[in-house]
Novice: 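Here you go, one structure.
FYI, side chains are in, hydrogens and waters are out, and symmetry mates aren't considered; it's all heavy atoms of this structure. Atoms within each ligand, like the ligands themselves, are counted from 1 in listed order.
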Amino acid sequence: MWIYLNNRIVQEERARISVFDRGFLYGDGVFETVRIYDGRPVWLDRHLARLARSCRQIRLPLPEKQWPAIFQKVIDKNRVDHAAIRLTLSRGTMFPSPLVGEGQGEGDETPTIVLFPRPLPHVTPAQRRQGVKLTIATIRRPSPLSHPAQAKTLNYLNNLLAKQEAAERDAFEGLMLTTGGHLAECSMSNVFFIKDRILYTPSLACGVLPGITREVVLEVAPTLGLQPREGRYRPESLYEADECFLTSSGVGILPVETIDGRPFPKRTARSWVAVLRTRYQRLLRAQGRSCRGRSL
Ligand code: PLP
């Protein structure tokens, strides 16, 4: 695999970062995971805008780069058509290297930049069709007052714990609540539910990541006859919903079959989720180029 590392493309064996890197030491950095469809990055402009917002929120200067060209280079060099590219940006090293004595400065803070391709999350055809299992996670989404929730930072321990707990309960995703007990988002995806043609999703004020797929779904929903509504919702609202689904760049739009064992009985094959997914797939195709069938 070819990795972009600080202005160079190197084989993965040669991609090395410092043990003093602040991303490694403190999770001091940001990242993006961009879907690659037919060899093209999907909604890259939106991802780069979110990257810039994330950087501003943690006061990390975003290096000026030809980002689209860098993404394309990683895609082409690795010959991937259907995958994701992860971009990681950390604040650089904490200490000068080599360390020449006590009382040295704080490192040079030249950001470390890494891009590599990764496979899409594994979703079986049955899960795509019938939906996945969801569980309410024990761990809560941190308050936006304590963590810049809308920045996609390298601090993912909460999310990983929620994901691990979900796996232990044989669920695909763990749905995290806010500290006040309202719905927030899943460990690696945003959540939506539908009741009587209204499309509900927790608002950004609930400390959720402004997902790119979430943004696209909110934009297209009214053109399909669904009325989007962002707000604060208790888990009980979800239990009474007709349908529920998850969104992320990796999984796209994924129906939910059950939440902690409760099914969504009104879900049918001709569901709103299916309608949304058809439109989403069309938008994805429009972002790609000719399909050459390569995947990671
Ligand atoms: N929420 C969290 C916590 C995520 O990690 C992700 C994606 O990784 C999302 C939501 C979905 O965001 P996007 O649609 O931009 O992939």
Novice: Determine, using heavy atoms of T247 and all atoms of ligand 1, whether some pair is separated by less than 4.0 Å.
Specialist: yes
Novice: Is there a polar contact between ligand 1 and N159, counting only N or O atoms under 3.5 Å apart?
Specialist: no
Novice: Test your reading of the model: is there a side-chain donor-acceptor pair from Q287 to the backbone of W43, 3.5 Å cut-off?
Specialist: yes
Novice: Report yes if H47 has an N/O atom closer than 3.5 Å to an N/O atom of ligand 1; otherwise report no.
Specialist: no
Novice: Looking at atom 14 (O) of ligand 1, what's its closest protein heavy atom, distance included?
Specialist: T213 OG1, 2.7 Å
Novice: Could you list which atoms of ligand 1 come closer than 4.0 Å to a heavy atom of S249?
Specialist: 13 (P), 14 (O), 15 (O), 16 (O)
Novice: Is it true that K195 and E240 make a salt bridge, defined as a side-chain N closer than 4.0 Å to a carboxylate O?
Specialist: no
Novice: Check each heavy atom of L209 against ligand 1 and say whether those closer than 4.0 Å belong to the side chain, the backbone, both or neither.
Specialist: side chain
Novice: Return yes when atom OH of Y280 has more than 12 non-hydrogen atoms of other residues, nucleotides or ligands closer than 6.0 Å, and no otherwise.
Specialist: yes
Novice: Do the side-chain N and O atoms of D21 and T93 include a donor-acceptor pair separated by under 3.5 angstrom?
Specialist: no
Novice: Among all protein heavy atoms in this structure, tell me which lies nearest to atom 6 (C) of ligand 1, with the distance rounded to 0.1 Å.
Specialist: M188 O, 3.4 Å
Novice: Please confirm whether Y233 and F193 have ring centers closer than 6.0 angstrom.
Specialist: yes
Novice: Verify, without hydrogens or angle tests, whether N78 (side chain) and M1 (backbone) share a donor-acceptor contact under 3.5 angstrom.
Specialist: no
Novice: Can you tell whether the side chains of E243 and R277 come within less than 4.0 Å, N to carboxylate O?
Specialist: no
Novice: Output yes when the distance from some N or O of ligand 1 to some N or O of R214 is under 3.5 Å, and no in every other case.
Specialist: no
Novice: Nearest to atom 1 (N) of ligand 1, what protein heavy atom do you find, and at what distance?
Specialist: E185 OE1, 2.6 Å
Novice: Return yes when K152 approaches ligand 1 closer than 4.0 angstrom through a heavy atom, no otherwise.
Specialist: yes
Novice: Is there a heavy atom of S187 sitting under 4.0 angstrom from any atom of ligand 1?
Specialist: yes
Novice: For ligand 1, is R50 a contact, meaning one of its heavy atoms is under 4.0 Å away?
Specialist: yes
Novice: Do me a favour and list the nearest non-hydrogen protein atom to atom 12 (O) of ligand 1 with residue, atom name and distance?
Specialist: G211 CA, 3.4 Å
Novice: Look only at the side chain of K163 and the backbone of N158, and say whether a donor-acceptor pair between them is shorter than 3.5 Å.
Specialist: no
Novice: For E13, look at atom CD and say whether over 12 heavy atoms of other residues, nucleotides or ligands are found less than 6.0 Å away.
Specialist: yes
Novice: Could you tell me if R279 and T223 have a donor-acceptor pair between their side chains, going purely by distance under 3.5 Å?
Specialist: yes
Novice: Counting each atom of ligand 1 from 1 as listed, which ones have a heavy atom of S248 under 4.0 Å away?
Specialist: 11 (C), 14 (O), 16 (O)
Novice: Can you tell me which residue and heavy atom of the protein come closest to atom 5 (O) of ligand 1, and the distance to 0.1 Å?
Specialist: Y156 OH, 2.6 Å
